[in-house]
Amino acid sequence: MAIVETLPPTADGHRRLGLRSPADGADVGEIVVRTPEEVAAAIATARAAQPGWAERPVKERAAIIRRAVQVLVDRRAEIAATVRGETGKPLVEALAVEILPSCDFLNYWSGRAVKDLADEKRRLHGYLAPLKKLVVSYRPLGVVGVITPWNGPFVLSINPVAQALLAGNAVLLKPSEVTPHSGEWAVKVLHEAGVPEDVLQVLHGDGETGAALVDGDIDKISFTGSVPTGKRIAAACAERLIPCTLELGGKDAMIVCADADLERASAGAVYLSMFNSGQVCVGVERIYVVESVADEFVAKVREKAAAVTYGAGKDVGPLFWDRQLDIVSKHVQDARDKGATVLLGGEQDTADGVYFQPTLVVDVTHDMELMREETFGPIVSIMRVADEDEAVRLANDCAYGLSGSVFTRDRAKAVRLARELHTGSVVHNDASVIYGVPEAPFGGRKNSGLGQVNGIDALRGFTHAQPVLIDRWGPKKESIWYPYADEMVQTLDRTIRLGFGSRIARRLMR
Ligand code: NAD
């Protein structure tokens with residue numbers, strides 16, 4: 001069953017894609033793929049509309065985004081229904097992964113924007129302080145393209161879009177062709193709250209439409225998706241010297257220390273590996289458990305994982321895309337072939353939809369794709385290690401570096417191990433929740449991405465920080481300007497000597 005299928009073109013020659021629910025194959029609509037010419041026209045519309053939006057005070061833009069929280073609350077059932085239609089995810093996950101964090105993001109950013117985007121007076125240091133004043137102004141970039149994936153189609157769209165709008169940009173959203181209407185809800189909610197239609201537009205389509213957006217006359221790309229596409233986008237942005245943020249794949253490790261609360265760790269291992277059918281960039285993909293507690297830990301994980309149900313309306317929904325089923329099946333088979341033991345599940349089930357059984361695999365090694373490539377399935381993979389040092393070494397032996405987690409009763413140890421992990425973030429006794437913390441500067445290292453999508457730098461990343469240096473003394477000629485005179489040499493020499501020639505002077509000049 002293909003989740004996205006090519007339909008006959010429209011009468012005017014546009015490509016069409018038909019969509020099916022991965023839960024039961026039901027028809028869930030279609031999209032008409034926007035052509036490169038239409039993308040260019042949409043960018044031109046956005047460019048014309050952007051100055052008017054940017055002229056409105058941040059307070060006014062923030063009021064609109066805050067109004068969107070109420071729209072979201074009022075429309076939550078419809079949004080959840082669309083998300084569930086396109087992904088098959090359980091209602092709990094539609095609410096917990098998509099709607100609740102989106103309410104929180106919009107509420108948070110709209111509350112922060114006035115302060116975080118206000119002009120900042122910065123005190124100058126040293127010899128320039130008596131002469132100049134510095135004001136940093138956060139100017140909008142212009143037109144921003146936001147390209148998003150299918151695993152968190154609503155939240156991963158509305159979060160960057162809201163930030164870009166607050167910063168005064170016009171935005172074009174290209175949601176995934178697998179979950180286009182879930183992404184489109186981000187636009188509908190914000191329009192209903194008062195964002196003008198020309199300031200925020202949706203462009204439906206697949207990679208061709210996304211590539212046209214990236215190659216268009218835009219000022220920044222915010223991309224969430226796979227590593228290969230991310231690298232292509234980075235190269236295209238480099239050609240045009242425009243910034244991009246890339247939130248890419250992950251292979252997050254969970255480290256279970258000997259002093260971990262094994263009840264919590266085993267429950268976390270199951271949930272954090274399997275929720276959203278395991279299709280979470282910051283989900284747990286590999287677990288390293290210290291040998292001394294490994295038997296007890298595996299037994300507890302086995303008991304809990306055995307109780308997890310799958311199917312429509314059950315704990316674990318389908319994979320959201322049939323292509324994902326091939327990847328998950330391949331990784332599990334590769335692990336089997338190389339000597340891993342599948343204690344639970346391990347098979348796909350396509351009788352009703354695109355399902356993969358909740359699976360527990362042990363005796364895994366770093367020779368297996370299951371421990372090296374992003375799997376994105378409801379799989380718990382556990383490897384025994386001698387001690388925490390080996391766990392850290394193996395966790396870092398990875399092309400990805402998105403996030404990681406440490407399960408221990410000792411907070412100081414969690415912080416110490418976090419410092420040794422080469423990941424964008426680390427979570428103690430929990431995992432994926434880090435993306436839902438807007439204060440946290442969330443972003444990946446290594447193949448997991450570039451830049452940050454949360455935290456103050458994310459919001460300001462949709463602006464250009466423009467320093468404006470103000471003259472304190474009016475139209476007096478600067479003494480260093482032409483014509484050069486001998487006394488200027490003496491003044492400079494004295495400034496260098498008195499300003500930097502002793503410890504006390506250097507301290508005063510800082
Ligand atoms: P993908 O790269 O195939 O597609 C992502 C988006 O890019 C889609 O909208 C797609 O249409 C578009 N696209 C495809 N080719 C393009 C091109 N050449 N130019 C411009 N746009 C193009 O990724 P996916 O399969 O939809 O998403 C799954 C991936 O996203 C996983 O690897 C997952 O880890 C990652 N992800 C990362 C985060 C994070 O925050 N780090 C969050 C969620 C998902």
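Indexing begins at 1, ligand by ligand and atom by atom, following the structure's order.
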Considering only distance and modelled atom types, tabulate donor-acceptor pairs under 3.5 Å from the side chains of residues 237-247, sequence neighbours left out.
| unit_1 | atom_1 | unit_2 | atom_2 | d |
| --- | --- | --- | --- | --- |
| Arg240 | NH1 | Gly216 | O | 2.7 |
| Arg240 | NH1 | Ile218 | O | 3.3 |
| Arg240 | NH2 | Ile218 | O | 3.1 |

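Residue pairs that meet the salt bridge (Lys or Arg N to Asp or Glu O under 4.0 Å) test with at least one member in residues 151-169, sequence neighbours left out, do not exist here. Listed by first and then second residue, the ring-ring contact (aromatic ring centres under 6.0 Å, His included) pairs involving residues 357-381 are Trp150-Phe376, Tyr288-His366 (not counting sequence neighbours).
The backbone N or O of Thr408 lies less than 3.5 Å from a partner atom in the side chain of Asn429, making a donor-acceptor pair.
Under the 4.0 Å criterion applied to side-chain N and carboxylate O atoms, Lys174 and Glu177 are assigned as salt-bridge partners. Asp367 and Arg372 are not joined by a salt bridge, as no carboxylate oxygen comes within less than 4.0 angstrom of a charged side-chain nitrogen.
Listed by chain and number, residues touching ligand 1 at under 4.0 Å (heavy atoms only) are Ile147, Thr148, Pro149, Trp150, Asn151, Leu156, Lys174, Pro175, Ser176, Glu177, Asp206, Gly207, Gly210, Ala211, Phe223, Thr224, Gly225, Ser226, Thr229, Arg232, Ile233, Glu247, Leu248, Gly249, Cys281, Glu374, Phe376, Leu402, Phe442.
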